[in-house]
Every structure is written in structure tokens, then in C-alpha cells.
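To keep things clear, I will list the structure first and then write my remarks on it.
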Amino acid sequence: MKHELDKIYIPSAGELGTYEKWEKSGYFNPDNLDLPESAKSYTIVLPPPNITAKLHLGHSAMLAIEDLIIRYKRLNGFRTLWIPGTDHAAIATQNVVEKKILQEQGKTRHDLGREALLKEVWSFLEKTQGEILTQTRRMGASLDWSRLAFTLDEQRQNAVKRMFKEMYDEGVIYRGERMVNWCPRCHSTLADDEVEYKEEKAKLYWIKYGPFVLATSRPETKLGDTAVAVHPDDTRYQHFIGQELDIEGVLGKFQVKVVADKAVEMDFGSGVIKVTPSHSFIDNEIAERHNLPGKKIINEDGEMMANCGKYAGMKTAVAREAIVSDMQAMGLIDHIDEDYIHNSARCYRCDSVIEPLPSEQWFIGVDKKIKRLGDKSLKERAIEVALENKITFTPDRFKKRYIDWMENLHDWCISRQIWFGHQIPVWYKDKEIYCGLEAPTGDGWKQDEDTLDTWFSSGMWTFSTLGWPENYNDDKKTGDLAKFHPTQVLETGYEIITLWVSRMIMMSLFALDEVPFSQVYLHGMVLDKDGKKMSKSKGNGIDPLEMIEKYGADAVRLSLLMGFTPGNDTKFSEDRIETKRNFVNKLWNISRFVLSSDNLVETDTKVIPQAKTLADKWILNALQETVATVSKNLDEFNFSVAADILDNFTWNQLADWYLEISKIEKNKDDILIYILKQLLIIWHPFTPFVTEKIWESFNDNLLMVEKWPQFENIDTVNSKNINLDFNLIQDIVVAIRNARSLNKIEPAKKLQAVIYAHGLEKILFDNQEIIKNLKTGIDNLEIHSDGDKINGAIAIVCGSVEIYLLGAIDPQKEKERLTKEKNNLEKLITLQEQKLANQEFVGRAPEKIVTAEKEKLENYKKDLFKINQAII
RNA sequence: GGGCGCAUAGCUCAGCUGGUUAGAGCACUUCGUUUACACCGAAGGGGUCCAGGGUUCGAAUCCUUGUGCGCCCACCA
């Protein structure tokens, strides 16, 4: 039997077909996997990409990692489910569409009206969503497309309404007036994390304010002042505290109260601040503490309100100028700092200046005690599950970040003043209010105009995709929800841990009283070669689709899996993909070589073939070690390390040595095909396309659902000896090649070689064909045992050149080395025993540390035992 | 202001709970190839592990201070 593969692997030619084959097989869907009832499930939800943008390399990294995990688990007999989906990204999407309409039709959303705008949004989405799904397929992602979800499709809308109602009925969701970050342009509130702060040069006005001079950057808010505040310890102003003062302003005199509050910094300005409760977060808090009234003077368009006299209707910035010039005329301005640097709050979408305003909004009360959560609040439970390690983080340090953030969390404002999104399921009629899944019967009910924060629906992602609430009745899970929830791992970028991860945890705890996933794996960002974020506007982005066309999806995947460690950013450039393309081609050619033999034997992958020579033992042993360490590292999410080990075995051991030897020592077909099969299975999660392609050339079954190789416990002493013996042969071959090169012996010229090696004659004799023929050009080889002459070293005489391999694998030297190591270990054991016996830390240090130290001692002893064995 | 991370070869990075001579890929130098693969092979050069101090028999690794980057959070009236 002989199999032919093309000389060069051209990925773009076959990848689409291979993906189609997988998809047709149905195995992306766990229901179709041929598994015993007892098989454990393994679920990942794909972080739904935002539908407005094309996928970037960050997405590709995410897909590569998640597909790697899923394929690895599938090969290991898990009931693997990876759920695809997309996110409606409410504000972002509406913005893109609004911009488009303004450009194409010259209309605003108010010109169109709610219905017409939503129609435009949906038709836009149809196009972009398709593109994203195509890109995802091209990466080779083995997602179960039959379970495709969208955060705003019908099923998710039902789930969201149900969730809202349950939280409303429980009193977790409430409506209240709060200071919010208001974007006057978007006409919407922004969550704290949607506000961006930018350093800017501004003017700082020192104004005369009754008996004080105080500094402000927003003199126009003076119209809304109801107090001034000083620090309670500030000796300069003690006697003013508690007084009511008449202050002269541009609209006449007004009264303020002087209060003492620790929020005031004595060192800033004059140590006195004016308090505008309705238009500043800090002032609002101060006002709450001191029961001060608020006075609203700025409306939702960012304009001065009717109560502002002649300034009414002006934008705040305009009013500022007008008021300052009036104040100057009245002699109320002391002086102005021109280059005061401050942080200006901006809308993350449109960059408008944020206006803090009191406003009616919907909130999730994170501190509200909830009966079904054992009278604990969402915040408490969400922190608890992390502390109890019901959810673990990779890397571990993000656990701290998560908990810190959680602890400082304020009530979450979930209403947004936009049209595209989940409309709030609340209806009003006069003073009546109704929350329900459907509109209430009867006339005159009007639904709340607002929609929900996009994270409300994506926070429900792990269970809304698995059929909640239909699959959840009387606190019992059924169907997909029972089978696949909680999911096993959430893989996402670390920047999203607060925005998304935390919300998923709270939502799942509320809905099901269980965690949404047990592990969080966080990847870093893919940066450009200068360490800058890739972005469209900078033009420094690398288009994944283009890279896939050029180098193949496998190469793109590998380039994003290797040299990329959890939680750390990576600088990326195209040549990283190129070298991986070279590797994929190498793997192809290894297979081509193995499969080109005339007498290939089909062997069962489970049966380890008989090793006939040292090289056979060595490579089979190396394969075992490789399988073991790769599996271990994949289990621990060390994807890059796993790939490195595998790469080293494939290229440096198998291709560079064993395949060359197989040209000299014949009849290795059974071993070669065995290794190839194992290798293809192990590589498959990393490079699914090329491995499946090779596999199909000699096998009818899909590689995708093969069995991951099992490995036996490795006899470390024996395998060490095999390695030592084989390394000797390698060293001799390399030494002879070097001698040729250094002494300019012509390659074509045949050599007579004599090796003197005391005590190693047998190994050398057994492997003389390799020494003669592995590109050393030895014509005639003699092996002598003559220790006296060469002082224990191995001497090789090639023609007229003498080579000495000193201190290498000489048994005498090796024994010395081992003895040294033994002495060292014995010393360590003594030290460790002393440490354990004498040190004060025993009994005082945490138990953990003491056991760790004891374990260390045990390990030393084990090592010593092994070495003693080896010496014999 | 609070917190986190990074600093190792020219470049991109590994280096787990301290243990022989600090590794890989790319780049570089030399040599080679009718052979599965030039998307190749062989050999080689290149590192005061950011700096100072400390702990230890032993430090790239642990502690401390400093310097330089990067990120997150809070936000200054």
C-alpha cells in the first residue's frame, strides 16, 4: 500500500472542504457524539462578538484557544459543547447605524422614529452577522451551529423579560432618581465603565464667594449651588461652619449653608468648595450626608434650564463664558488660572463631555439581601464563590482584581435611553406601574421607552443559551440546562473581566443559584509590533482572513497559541505566522515521507510496536514522554508550553533524527505509522485542518473524533539510560560531521574511522550503521576498546583527524557525575531535616508551609533513591 | 491617589513551588543538499537575567528599595 501526498501543502485549497466535512458529520453537536451515558460534558460559551465590526486577531486568538480546548476534550471522550453566538451591542450598533443614515440620507433617528430606525438596524445586522460567522468558520472553530444564539433573538428576549420580572418581583430591580453619567448627545446614561477620562487643559476660575475665594472649573454651576463645604479640620474656616451666608451671584443674592465634609481637600485651591448637588457626583454625596437640597439647572440637552434667567437655553459652555464675563463686570472674579490640567469625562462612543445629572433610571441593587440566596446580596454571593474557589482564575492574580472590583461595586444602572435593545418590560398608566412578560390588558398603558444595558442580556449568556427559563421549573434544571450548566470554562480577554465576567456571575447566581462556570481563563491582547493596540484608524491591524488565505488557518492558529501566555499581551507580526506555516509544511512532509513507503502496515493505534534497535526504543520512549507532558500542560492551560514540547518532538527528534535513521535501519514501517497516527491526534487540536487532511489520505474515519493516546507510567531510570545511550550516538555523529567541516574534508571523500571507547563497545557496535551512514561519510569503521591510550575519553580517528569526546558519556565520568549529585542531595536532605527539626517556624508557620517543606524532603529522598539505583 | 503587571540574546518570548554550564523561534555567520521538505539540513556566534541592598550552602527565581515601561480602578472641585 502506498499513499501519495502533494509535495507542498497548500492550505487554502482544502480547508473549506475539510470544514464542510466536519460540519456534515454532525459531531460539533454533542448529541451526535457516540459516547457512553456516563461521559462527562464539557461546555464553553463563545464570548459573543459585537456584530458591528469585523473580527480581528484578538478574536482569532480567542477562537484558537477555545477550539484547542474543545477539540482536546472531544478527543478525550467528553460530551463537548461549544456554543456560538453574537451580541447586539446596543449602543455601539445603534451608533453605527445612526451615523450611516446621517451620511446616506441626511436624517437623524428622531426624523425616522423608533420603528423605522429599528428596521434599518436589523437589515444592517443581517449583513454583518453573516460576515462574522464566515470568519469564525474559516478559523476552524468546531462550534455547534445548531445552537447558534443572538443576544436579541426571540428566545433571549423571553429570557431577559423573565429575568427582569423575577428581579423586579424580588425587589432587586428598582427605579430611582440617581446621579448618572449623562451623554447630552447620545441622550443616554452611561455606566461608570463607559465613561472615558481625558486629560485636558482648562481654565480654573478663582471666584469671590461671600467671605471666601474659591476655585472652580465650572462657574456656570454656581446657579445651582446650595452650600459651600470645607474640611472639618481646616483651622482657617472653623468659625464659618454651620453658618448661612448670603452670596452675591449674577442673578442676585442667594443663600448657602457652610458644611464640614472630609471629602474636601484642604490643599486644593483655597480649601473651600461650592456645592452643586444636582450636577456633580461628589457634591451630590456631600449633599446627601448633610441633607442639603438640590437645584437642577441643566437639562438633558446640556442646556441651562428656564430657572437660569437670561442664561436659559444656552449650552453649558456658552453659559460659562457669559457668566464669567458678567462676573468679571461685577468684580466677582479674583483671577483665572489658564493652564489648569484636569480630567474631563467623555462619552466612550461619541466623545461628548459627560454631564452628571439626576435622572429616573432602573437599577439592580447589588446590596439587596435576597431570600433565595440565603439572605445574602448579589455582591456577597459573587465574592463568596470566588473566595471559596467555586470559580478559579487563570492567571490567579485576576481573582484579586475581580474581588476588589466586586467589593467596590455600586448599584448597577441598567436602563439606557436608546431604542435598539431589550425594551424594559414595564408599562405605565397614570400612577400605575406594571411589570410583566406581556403588555397588560386594557387601554392607556404605555411601555417604558428605555432599553436595557447590553450587559444585562449578555450576563445571562451561559444559561439563556441553554434554554433557561423553559428548562428551569421548580428549581430543577432539565434538558440542555441540566446537561451543560454550569459550563466548565469561560475564556475571554482580561479587559472584560469587570464588564462581563462579573455580571455573568451575578446573573447566574440569581437565576439558578449556581456559578455560570468553574474556571475563567483570561488571554491578553494582541498588539502590533511596537506594542500598540491594533485599530482600524491607525491602520496597524492585521486582517485574520487575509492571513488565513495566505498561510492557512492552522498557521494562524499556531502563531496565536505559541509564545502567548495567559493574561499577558503579546507583540505580534506577520513573520510569526510565516514560521508556523513552515512548521505545518514540515508536518505535512513528515507524513508524506512516512506514507510513501511501499509496504505500509496498518496498525492499531493502541498497540505499541516492538522496538528493535536503540533508536526505536529512544523514539518510542520520547513519544510517551511527549504525550504525557503535552496532556499535563493542556490540562493546566499551558497551551504554549504544550505546543513547544510537541514541536520539539516532531521536528528535532522525529524528523531530524529518527526519520533519517529509518533510511539506514530499514523495516520501521510499523513504528513510523504508529508514531504518525499518534502525532496527528495530538497535533489535531492545534492544527485541525492539516492533520485531518493527512489522516483522510489513509483512514476513513474522522480524526476529529479519534481517541487521545493513553500513556503508561514512565520508568524514569530506564528512559534516562536509553536517552544517555542514544545521546552518545548523537554526539559521535555530530563530532564526526564537525571534524569534517572544520578540517575541510571534502564531503564526497570517504573516510576510514577508528573509535576507541572503553566500556561502550557494544552500544557503538550495535549502532555502527548509523555512525557510518548518517551523513558522516564513514567508509570503514573500526571500534576498539583501548582505555589506557585515551584516558577514559572516547577518541575517534577520522582519516588523519583525531577527535576526543571528553567527559561525555563515559561510564566512569557518568558515575562521578551521579556521585556528585548524590552527595549534593544527601547534603540537602540533612539541611532540610535540620530545618524541619530546629526551625521555629514548625508549629508557628501555617500548616500549608510545613507540609510543603516536608513534601520537599520526601522528593529529595525519592530523587536520591533513583540515583542510587542508577549508580548500580 | 490606590492596585496590578512587565523588565532575560539584535527582535518576540519560555524559564513551575530557589539546585549542575540560563533555553526556544526569528535574525546573524559558516558549511551542505539529485535523497519527505529551500516553506530544507548541519554546525556556530551572541546574555553582568534593569540597578542597589538583603535572605540562603546556593538567587534570573524569594524579600526590599530605586529606575523605566504598560495596564486597571478612583477622580480632583
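Any value given below was found using the heavy atoms of this structure, including those in side chains, with hydrogens, waters and symmetry copies removed. In what follows, every chain begins at residue 1, and chains take the letters A, B, ... in the order their sequences are listed. Computed from a predicted structure; not experimentally measured.
Listed nucleotides: C72(B), A43(B), C26(B). Nearest to the side chain of Val734(A): A43(B). When distances are taken from the side chain of Asn585(A) to each of A36(B), C37(B), C13(B), the shortest belongs to C37(B). Distance from the side chain of Arg576(A) is smallest for U12(B) among the nucleotides U12(B), G3(B), C71(B). Counting only heavy atoms from C-beta on, Asn568(A) has its side chain closest to A14(B) among G3(B), A14(B), G41(B).
Between the CD1 atom of Ile497(A) and the P atom of C72(B) there is a distance of 13 Å, rounded to whole Å. Atom CD1 of Ile664(A) and atom P of A36(B) are 12 Å apart (whole Å). Here C13(B) presents its C1' atom at 13 Å from CG of Asp575(A), a figure rounded to the nearest Å. We find that CG of Asn582(A) is positioned 10 Å from C1' of C40(B), with the value rounded to whole Å. Distance Ile736(A) CD1 to A42(B) P: 16 Å, rounded to the nearest Å. At whole-Å resolution of the value, CZ in Phe281(A) and P in C75(B) are 8 Å apart. Rounded to an integer number of Å, the gap from CG of Leu560(A) to P of U12(B) is 17 Å. Between Leu561(A) atom CG and G25(B) atom P there is a gap of 18 Å when expressed in whole angstrom units.
Atom CD1 of residue Ile645(A) and atom OG of residue Ser631(A) lie 10.0 Å apart, to the nearest 0.5 angstrom. Taking NE2 from His410(A) and NZ from Lys379(A), the interatomic distance works out to 7.5 Å, rounded to the nearest 0.5 Å.
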Side chain to side chain donor-acceptor pair (under 3.5 Å) assessment of Tyr209(A) paired with Asp334(A): CA-CA 10 Å; Tyr209(A) 207 92; Asp334(A) 190 82; over 6 Å; no
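Between the side chain of Arg581(A) and the base of C39(B), a donor-acceptor pair under 3.5 Å is found.
C73(B) and U17(B) have their C1' atoms separated by 31 Å, given to the nearest Å. Separating the P atom of A7(B) from that of A51(B) is a span of 13 Å, rounded to the nearest Å. Only the P atoms considered, A9(B) is 24 Å distant from U30(B), to the nearest whole Å. Comparing the C1' positions of U21(B) and G5(B) gives an interatomic distance of 32 Å, to the nearest angstrom. Using C1' as the reference atom, U29(B) and G19(B) are 35 Å apart when rounded to the nearest Å. G47(B) sits 7 Å from G10(B) when the P atoms are compared, rounded to a whole Å. Separating the C1' atom of G46(B) from that of G52(B) is a span of 27 Å, rounded to the nearest Å. Comparing C4(B) with G44(B), their P atoms are spaced 45 Å from each other, to the whole Å.
Taking side-chain N and O atoms only, Thr565(A) has no distance below 4.0 Å to OP1 or OP2 of C13(B). The side chain of Ser573(A) places no N or O atom within less than 4.0 Å of a non-bridging phosphate oxygen (OP1 or OP2) of U12(B). The shortest distance between the side-chain N/O atoms of Lys663(A) and the OP1/OP2 oxygens of A36(B) is below 4.0 Å. Residue Lys571(A) places at least one side-chain N or O under 4.0 Å from the OP1 or OP2 atom of U12(B). Residue Trp651(A) places at least one side-chain N or O closer than 4.0 Å to OP1 or OP2 of G41(B). Dashed line: the shortest gap from a side-chain N or O of Lys586(A) to OP1 or OP2 of G41(B) is under 4.0 Å.
If you look at Phe686(A) and Trp683(A), their ring centroids are closer than 6.0 Å.
The partner of C39(B), taking Watson-Crick or G-U wobble pairs whose two distances both stay under 3.5 Å, does not exist in any strand shown. With a cut-off of 3.5 Å on both Watson-Crick or G-U wobble distances, the partner of A51(B) is given as U65(B). With both pairing distances under 3.5 Å, C16(B) is matched to nothing as a Watson-Crick or G-U wobble pair. Pairing for C4(B) is with G70(B), a Watson-Crick or G-U wobble pair whose two hydrogen-bonding atom distances lie under 3.5 Å.
Taking the nucleotide of RNA chain B with the nearest heavy atom to each of Val641(A) and Asp656(A), the more 5' of the two is matched to Val641(A). Nearer the 5' end of RNA chain B, as judged by each residue's closest nucleotide, is the contact made by Ile8(A), out of Thr216(A) and Ile8(A).
The aromatic rings of His335(A) and Trp206(A) lie parallel to each other, their planes meeting at an angle below 30°, with 60° marking the opposite boundary.
Counting any heavy atom pair closer than 4.0 Å across all strands shown, Glu578(A) reaches no nucleic acid atom. Counting any heavy atom pair closer than 4.0 Å across all strands shown, Ile590(A) reaches a base atom. Nucleic acid contact class of Ala229(A) (heavy atoms, under 4.0 Å, all strands): none.
With a 4.5 Å cut-off on side-chain heavy atoms, Ile273(A) and Ile286(A) count as touching. Contact of the Ile732(A) side chain with the Thr776(A) side chain is not registered, since no non-hydrogen atoms from C-beta on lie closer than 4.5 Å.
Sorted by first and then second residue, the salt bridge (charged side-chain N to carboxylate O under 4.0 Å, His left out) pairs with a member in residues 214-231 of chain A read Arg218(A)-Glu220(A), Arg218(A)-Glu355(A), Glu220(A)-Arg320(A), Asp225(A)-Lys274(A); sequence neighbours excluded.
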